[in-house]
Amino acid sequence: MTIDNPVLSTDHSQASADEAHSHGGPAAAGASYADRFASTDPAAFEAPTGREEEWRFTPLRRLRGLQEDAAIDGSGIQVEISAPEGVVVEQRPVEASDRGISGYVPIDRVSARVWASTAEVTVVDVPAEAEIAEPVFLTVTGQGEDTATAGHTLIRVGAHARATVVTFFEGSATFAENVEIVVGDGAALTVVSYQDWARDAVHHSNAHAVIGRDAELKHVSISFGGDLVRHDTTAVYQGPGGGVELLGLYFADAGQHIEHRLFVDHNEPKTRSNVLYKGALQGQDAHAVWIGNVLIRPEAEGIDTYELNRNLVLTDGARADSVPNLEIETGEIEGAGHASATGRFDDEQLFYLRSRGVPEEAARRLVLRGFFAEMINKIGVPAVGERMLAAIEAELEVAMSGELGVEA
Amino acid sequence: MSNLTISDLHVTVETPEGPKQILRGVDLSINSGETHAIMGPNGSGKSTLAYSIAGHPKYEVTSGSVTLDGEEVLEMSVDERARAGLFLAMQYPVEVAGVSVSNFLRTAKTAIDGKAPALRHWVADVRESMDALRIDPSFAERNVNEGFSGGEKKRHEILQMELLKPTFAILDETDSGLDVDALRIVSEGVNRAKENTGLGVLLITHYTRILRYVKPDFVHVFVDGKVAEEGGPELAERLEAEGYDRFLAKA
Ligand SMILES: Nc1ncnc2c1ncn2[C@@H]1O[C@H](COP(=O)(O)OP(=O)(O)O)[C@@H](O)[C@H]1O
Ligand SMILES: [Mg+2]
């Protein structure tokens with residue numbers, strides 16, 4: 001089927017707030033994500049200056065030198081593993097780990113330096129056809145060390161297997177990691193990366209997922225804590241018919257920088273992608289960045305993609321940058337759309353609730369909970385949903401304490 | 001016996017070209033148990049009157065007063081007005097994503113009463129009202145107004161009115177867009193509330209059709225931001241026969 005409007009459908013109807021809403025069309029020639037430079041050699045990358053497209057939103061000074069030459073050889077991370085029967089989770093030396101099996105090659109100086117500094121790989125192996133009902137839980141706890149720590153995780157799910165892997169990040173650390181995700185043919189995997197860091201943590205992450213024929217990956221990124229969280233997640237396909245769902249939820253408080261960069265590479269026909277990231281921001285210099293890149297290659301006929309980012313800006317002084325990018329190189333697609341909306345509380349909703357007697361604060365709570373409710377359902381991992389609900393309630397306490405000057 | 005009195009109400013709305021005068025001196029008084037129909041052509045300011053009484057922030061009252069049993073309503077916040085006993089059934093009810101009807105109703109009831117309703121009675125009351133208004137039980141778990149048809153939204157407004165038991169309700173074109181069956185169901189709901197709680201009703205409508213089911217005690221013709229003529233039910237019949245032309249020509 002050929003779509004009527006082969007470029008993009010955009011809904012900016014709600015991008016009414018004064019906050020920045022940038023909108024990229026197809027990337028400029030030569031800047032395509034398809035041509036992204038990649039190398040395992042840190043020296044192959046210049047140290048970023050902040051003027052580069054991929055670094056322009058990141059406060060480099062707060063990256064603690066990861067992008068330059070600061071040591072990444074700390075051991076300030078403890079990993080606690082809880083794995084149900086049938087799943088093998090092990091820390092292996094790099095040489096014995098199949099690192100790179102996903103086809104991942106570092107895409108920036110930080111990830112190349114992490115690659116060079118990594119000694120051990122956390123390997124999560126789900127054998128073919130294993131159906132693992134209970135999630136694998138990895139709890140990564142920062143020990144408050146000054147030196148940055150490098151990490152590498154490889155999650156590999158064999159053909160027709162089903163599994164859920166949840167990583168909780170807690171404590172205080174400067175942590176830079178690379179993550180590989182390999183979803184075998186016909187398999188279904190849910191991966192949750194839950195940032196519940198202490199307020200001063202720095203977390204730089206590159207995740208690279210390869211989705212087999214007719215396989216399904218649900219990748220969830222949840223960010224509450226940290227000073228600077230910068231995640232770059234890439235999904236590519238190995239065979240037709242695969243689907244990826246990229247879900248994100250974040251809550252940026254005063255001074256926090258939370259950045260999500262996504263790249264879905266539709267390199268195979270009949271593949272699907274669905275991206276939904278929702279965030280709330282409150283307080284001076286709370287900053288959220290969402291870059292959603294989708295590339296539909298000439299051979300990717302019959303694909304279907306949709307991406308949506310919504311930001312709720314709760315106070316003055318917070319800023320959300322949201323840039324959806326769709327590059328389409330074939331006209332033979334099922335559907336392709338994106339939307340980005342950054343707004344304040346909807347006055348009409350608040351009026352409606354208040355006209356039913358609900359006091360203003362309670363009305364704001366209802367609207368905020370409602371804003372995130374669909375995410376909890378979509379994520380579908382109860383242990384994660386419960387923790388999220390509690391975290392959202394805690395954020396609401398901050399929002400409602402009045403200290404942030406929530407507008408009347 | 002309660003009373004709601006609107007005196008010399010002047011209201012402007014902010015537009016890009018500056019404030020625009022919409023209400024130009026509205027006077028109206030209504031007691032418990034009474035039904036007043038407010039009829040007028042599109043754009044005459046009926047919704048503005050309704051929203052101003054409810055306290056919508058878009059409308060600025062430049063002079064006049066609205067008192068409920070002598071208390072100045074205009075000094076109350078939006079939610080205080082609701083807790084004081086006022087209810088507005090909106091012409092265009094608002095969607096609230098992620099908030100279920102049942103959660104919304106319980107939250108509102110708790111706010112209005114100042115305490116959570118006794119669970120068993122509440123569940124029974126909600127079910128009974130939904131039944132009477134022919135609202136499918138599945139709506140309790142749906143998000144407020146999301147994907148509701150026009151008629152479903154209106155019935156949901158009346159459901160809230162029935163459960164929250166206000167002293168005065170303003171129904172802003174609740175009849176618009178309803179088919180005959182829905183109109184009858186909604187009208188029965190209004191009549192039930194009148195009978196059970198002595199509700200006073202300000203029934204804003206463009207058409208006389210609903211007045212066959214909900215009998216007005218008084219009719220006010222609203223033109224160009226104020227009451228142009230008032231009388232008993234016979235005035236509605238005249239409007240039915242003659243339309244609003246007579247008033248528009250004069251205005
Ligand atoms: N927000 C607004 N901005 C500009 N004009 C408005 C606004 N709200 C209402 N009006 C104008 O005020 C007048 C009365 O509107 P309204 O109260 O909705 O009338 P009715 O309900 O009788 O149809 C109309 O001319 C309408 O265009
Ligand atoms: Mg109207």
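A note on names: the letters A, B, ... follow the listed sequences, proteins ahead of strands, and every chain is numbered from 1. Note that the structure is predicted; figures quoted are calculated from it, not measured.
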Query raised in the report: Quick one: what part of Pro166(B) sits under 4.5 Å from any heavy atom of chain A, side chain, backbone, both or neither?
Result: neither

Distance (rounded to the nearest 0.5 Å) between [X] [atom1] and [Y] [atom2]:
{"X": "Glu360(A)", "Y": "Glu80(B)", "atom1": "CD", "atom2": "CD", "result": "11.0 Å"}
{"X": "Ser355(A)", "Y": "Met90(B)", "atom1": "OG", "atom2": "CE", "result": "3.5 Å"}
{"X": "Phe351(A)", "Y": "Asp79(B)", "atom1": "CZ", "atom2": "CG", "result": "10.5 Å"}
{"X": "Arg83(B)", "Y": "Arg354(A)", "atom1": "CZ", "atom2": "CZ", "result": "9.0 Å"}
{"X": "Asp347(A)", "Y": "Lys58(B)", "atom1": "CG", "atom2": "NZ", "result": "10.0 Å"}

Query raised in the report: Please walk me through it: do Leu366(A) and Thr107(B) pass side-chain contact (heavy atoms from CB on, under 4.5 Å)?
Result: CA-CA 9 Å; Leu366(A) 264 184; Thr107(B) 305; 4.0 Å; yes

Query raised in the report: Pick from Asn143(B), Leu86(B), Val99(B): which one has the most heavy-atom pairs with chain A under 4.5 Å?
Result: Val99(B)

Query raised in the report: Who among Ser77(B), Ala84(B), Gly98(B), Pro57(B) has the most heavy-atom pairs with chain A under 4.5 Å?
Result: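 Looking at each of Ser77(B), Ala84(B), Gly98(B), Pro57(B) in turn, Gly98(B) comes out on top.
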
Query - salt_bridge(Arg356(A), Glu157(B)) N-O dist < 4.0 Å - result: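 Yes, charged N to carboxylate O under 4.0 Å.
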
Requested in this report: Identify the heavy atoms of Gly357(A) and Ala82(B) that sit nearest to each other, and give their distance.
Outcome: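 Heavy atoms of Gly357(A) and Ala82(B) come nearest at N-CB, 3.3 Å.
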
Report task. For residues Phe104(B) and Tyr352(A), establish whether the separation of their ring centroids is below 6.0 Å. Result ->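 Phe104(B) vs Tyr352(A): aromatic centres under 6.0 Å.
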
Would you indicate whether [X], at its atom [atom1], is surrounded by more than 12 heavy atoms from other residues, nucleotides or ligands within a distance under 6.0 Å?
{"X": "Arg127(B)", "atom1": "CZ", "value": "no"}
{"X": "Glu71(B)", "atom1": "CD", "value": "no"}
{"X": "Glu72(B)", "atom1": "CD", "value": "yes"}
{"X": "Glu128(B)", "atom1": "CD", "value": "no"}

Requested in this report: Measure Phe371(A) against the heavy atoms of chain B and call it side chain, backbone, both or neither at under 4.5 Å.
Outcome: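 Only the backbone of Phe371(A) comes within 4.5 Å of chain B.
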
Report task. Examine whether an atom of Glu348(A) lies under 4.5 Å from a heavy atom of chain B, and if so say whether it belongs to the side chain, the backbone or both; otherwise answer neither. Result ->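 Glu348(A) touches chain B through backbone and side-chain heavy atoms alike.
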
Query raised in the report: Quick check: does any side chain N or O of Gln349(A) sit under 3.5 Å from a backbone N or O of Glu95(B), one acting as donor and the other as acceptor?
Result: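 Indeed, once roles are kept as given, a pair shorter than 3.5 Å links the two residues.
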
